[in-house]
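Read the structure below first, then the notes.
Numbering starts at 1 and runs along the sequence shown. Counting starts at 1 for both ligands and their atoms, in listed order. Please read these numbers as outputs of a predicted model, since none were measured by experiment. Heavy atoms only: backbone and side chains are in, while hydrogens, waters and symmetry mates are out.
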Amino acid sequence: MLNPNNFNSIVILTGAGISAESGLKTFRDNGGLWEGHRVEDVATPEAFDRNPELVHTFYNMRRQQLLKSANPNSAHTALAEFEKQFDGEFILITQNVDNLHEQGGSQSVRHMHGELLKAQCTSSQKVFDISEPINASSVCTCCHKSGTLRPCIVWFGEMPLHMEEIEQALTTCDLFISIGTSGQVYPAAGFVQLARSTGATTVELNLEPSDGCSQFNHTYYGPATTVVSQFFEF
Ligand code: OAD
């Protein structure tokens, strides 16, 4: 296996597959359906305008599941352990809205699709930590209005977070590693091409080949708790 310690600047991209063995369903499990709704239909600003209670319920359930039953697995902790001993540049970009990387000990995490444990006030734009369910009549603690809170999640059609920093990291890294993502959602699906365009070595660690698997120089397939742990075991 390639030794990541032989590189100077590493960018990691993770997706739902790294949290699957922690008991959190991936997006495209169950054919991409949640209680009969297409996942895309509860993850858009239009869906929220149309039926805020449905969208709040979807994220409230996912938040409670994260808080009650999900713990970091050995893939999350392997990444954190690697980061601690690595003396080059390191950034971990995740599409996941759970906090299992942080719970596992990772430091340089960027949540490009937002975070389940945060809410945003659409009136003041302020972001709050939350652990309790919110709904369409929840009162915001900053402006004391009801109905202004939304999940702090980047929905389809919205701009992912931290993009400037991410593009800078991708174009200057010498190793890009994609873990547990199907490669179906842009811009994350295009990160491998961007990293390749400036000469980075590219690696895919996944349960099965992703849509963009031919873009990777090295590929290792199997459950994240096995392949990620092996890859970062130095
Ligand atoms: P997907 O559900 O599309 O893909 C999950 C990937 O994880 C697939 O490639 C699986 O093969 C792989 N996988 C499943 N179990 C695994 C395991 N135990 N070990 C390793 N890999 C495993 O999830 P994402 O690619 O993360 O966006 O989805 C990307 C984005 O689409 C999400 O962030 C979300 C979604 O709609 C937004 O909500 C904006």
Side-chain angles (χ1 to χ4, degrees), residues 12-34 37-48 54-63 65-66 70-79 92-101 104 109-118 120 150-163 166 176-192 203-216 218-232:
I12 312 270
L13 170 70
T14 64
I18 197 164
S19 297
E21 289 161 87
S22 294
L24 299 179
K25 280 202 161 67
T26 66
F27 278 88
R28 286 161 186 87
D29 273 351
N30 298 333
L33 290 181
W34 170 72
H37 303 281
R38 284 173 61 230
V39 168
E40 286 80 354
D41 290 344
V42 284
T44 62
E46 295 76 21
F48 189 60
L54 178 79
V55 175
H56 276 306
T57 302
F58 175 68
Y59 288 103
N60 286 339
M61 287 176 67
R62 297 187 60 212
R63 187 178 311 109
Q65 185 194 17
L66 170 64
N71 293 303
N73 63 48
S74 59
H76 295 104
T77 51
L79 282 172
L92 198 173
I93 304 159
T94 187
Q95 298 168 88
N96 298 345
V97 295
D98 65 54
N99 68 345
L100 297 184
H101 283 304
V109 186
R110 301 290 181 276
H111 285 271
M112 64 178 288
H113 288 168
E115 296 177 64
L116 269 181
L117 299 180
K118 292 193 168 150
Q120 184 168 31
R150 61 165 278 176
C152 193
I153 302 286
V154 175
W155 287 322
F156 286 93
E158 296 183 318
M159 180 62 89
L161 307 171
H162 312 292
M163 283 312 292
I166 290 172
F176 171 74
I177 307 170
S178 170
I179 303 173
T181 175
S182 60
Q184 293 195 15
V185 175
Y186 281 83
F191 288 178
V192 59
V203 177
E204 170 162 86
L205 309 177
N206 205 15
L207 189 60
E208 55 200 21
S210 68
D211 283 4
C213 63
S214 62
Q215 300 280 339
F216 293 90
H218 303 269
T219 54
Y220 305 98
Y221 296 115
T225 53
T226 307
V227 287
V228 177
S229 306
Q230 279 169 358
F231 188 84
F232 288 99

- Identify, by atom number and element, the atoms of ligand 1 in contact range of G15, meaning under 4.0 Å from any of its heavy atoms. 26 (O)
- Message: Is there a polar contact, in the sense of an N or O pair closer than 3.5 Å, between W155 and ligand 1?
- Response: no
- Identify the protein heavy atom lying closest to atom 9 (O) of ligand 1, giving its residue, its atom name and the separation to 0.1 Å. N206 ND2, 3.0 Å
- Note on the structure: For P223, the ligand 1 atoms with a heavy-atom partner under 4.0 Å come out as 19 (N)
- Query: Does a donor on one side chain and an acceptor on the other come within less than 3.5 Å for T14 and T94?
  - Reply: yes
- Task: State if E208 counts as touching ligand 1 under the rule of any non-hydrogen atom under 4.0 Å.
- Result: yes
- Query: Looking only at protein heavy atoms, which one is nearest to atom 14 (C) of ligand 1, and how far off is it?
  - Reply: L207 CD2, 3.8 Å
- Query: Of all the non-hydrogen atoms in the protein, which one sits nearest to atom 30 (C) of ligand 1, and at what distance?
  - Reply: V185 CG2, 3.8 Å
- Name the closest protein heavy atom to atom 36 (O) of ligand 1, giving the residue it belongs to and the distance to 0.1 Å. F156 CZ, 3.1 Å
- Message: Quick test of your reading of the structure: of R28, M112, Q184, E204, whose heavy atom lies closest to atom 1 (P) of ligand 1?
- Response: R28
- Item | Given D98, N71, V97, the one that forms side chain to side chain contact (heavy atoms under 4.5 Å, CB included) with L66 | D98
- Message: Rounded to the nearest 0.5 Å, what separates atom CG in N73 from atom CD1 in I18?
- Response: 6.5 Å
- Query: So do the side chains of F191 and M112 get within less than 4.5 Å of each other, counting heavy atoms only?
  - Reply: yes
- Report the relative orientation of the aromatic rings in Y59 and W155; use parallel for angles under 30°, tilted for 30 to 60°, perpendicular for over 60°. tilted
- Message: Holding to side-chain contact (heavy atoms from CB on, under 4.5 Å), I want the full list of residues that pass it with A189, two or more places apart in sequence or in another chain.
- Response: Y186
- Message: Could you go through R150 and E158, starting from their C-alpha distance and side-chain angles, then the distance that decides it, and tell me whether this counts as salt bridge (charged side-chain N to carboxylate O under 4.0 Å, His left out)?
- Response: CA-CA 14 Å; R150 61 165 278 176; E158 296 183 318; 2.9 Å; yes
- Numbered in order shown, the ligand 1 atoms found under 4.0 Å of a heavy atom of A16 are 23 (O), 24 (P), 26 (O)
- Task: State, with a plain yes or no, whether a side-chain heavy atom of S178 is found less than 4.5 Å away from one of S210.
- Result: no
- Query: Got the closest protein heavy atom to atom 6 (C) of ligand 1, with its distance?
  - Reply: G180 O, 3.5 Å
- Indicate, as side chain, backbone, both or neither, the part of T181 found under 4.0 angstrom from ligand 1 when only non-hydrogen atoms are considered. both
- Check against side chain to side chain contact (heavy atoms under 4.5 Å, CB included), I177 and F232: CA-CA 11 Å; I177 307 170; F232 288 99; 3.7 Å; yes
- Message: As an exercise, identify every atom of ligand 1 less than 4.0 angstrom from a heavy atom of V154.
- Response: 39 (C)
- How far is atom 19 (N) of ligand 1 from its nearest protein heavy atom, and which residue and atom name does that atom have? A224 N, 2.8 Å
- Item | Any residue meeting side-chain contact (heavy atoms from CB on, under 4.5 Å) with L161, in chain and number order, not counting sequence neighbours | V154
- Message: Suppose we measure from atom 29 (C) of ligand 1 to each protein heavy atom; which comes out shortest, and what is that distance?
- Response: Q95 OE1, 3.3 Å
- Could you find the nearest protein heavy atom to atom 17 (C) of ligand 1 and give me its residue, atom name and distance? G17 O, 3.4 Å
- Rounded to the nearest 0.5 Å, how far does CZ of R63 lie from NE2 of H56? 9.0 Å
- Query: E21 heavy atoms, cut-off 4.0 Å: which ligand 1 atoms fall inside?
  - Reply: 17 (C), 18 (N), 19 (N)
- Side chain or backbone of H113 under 4.0 Å from ligand 1, or both, or neither, by non-hydrogen atoms? side chain
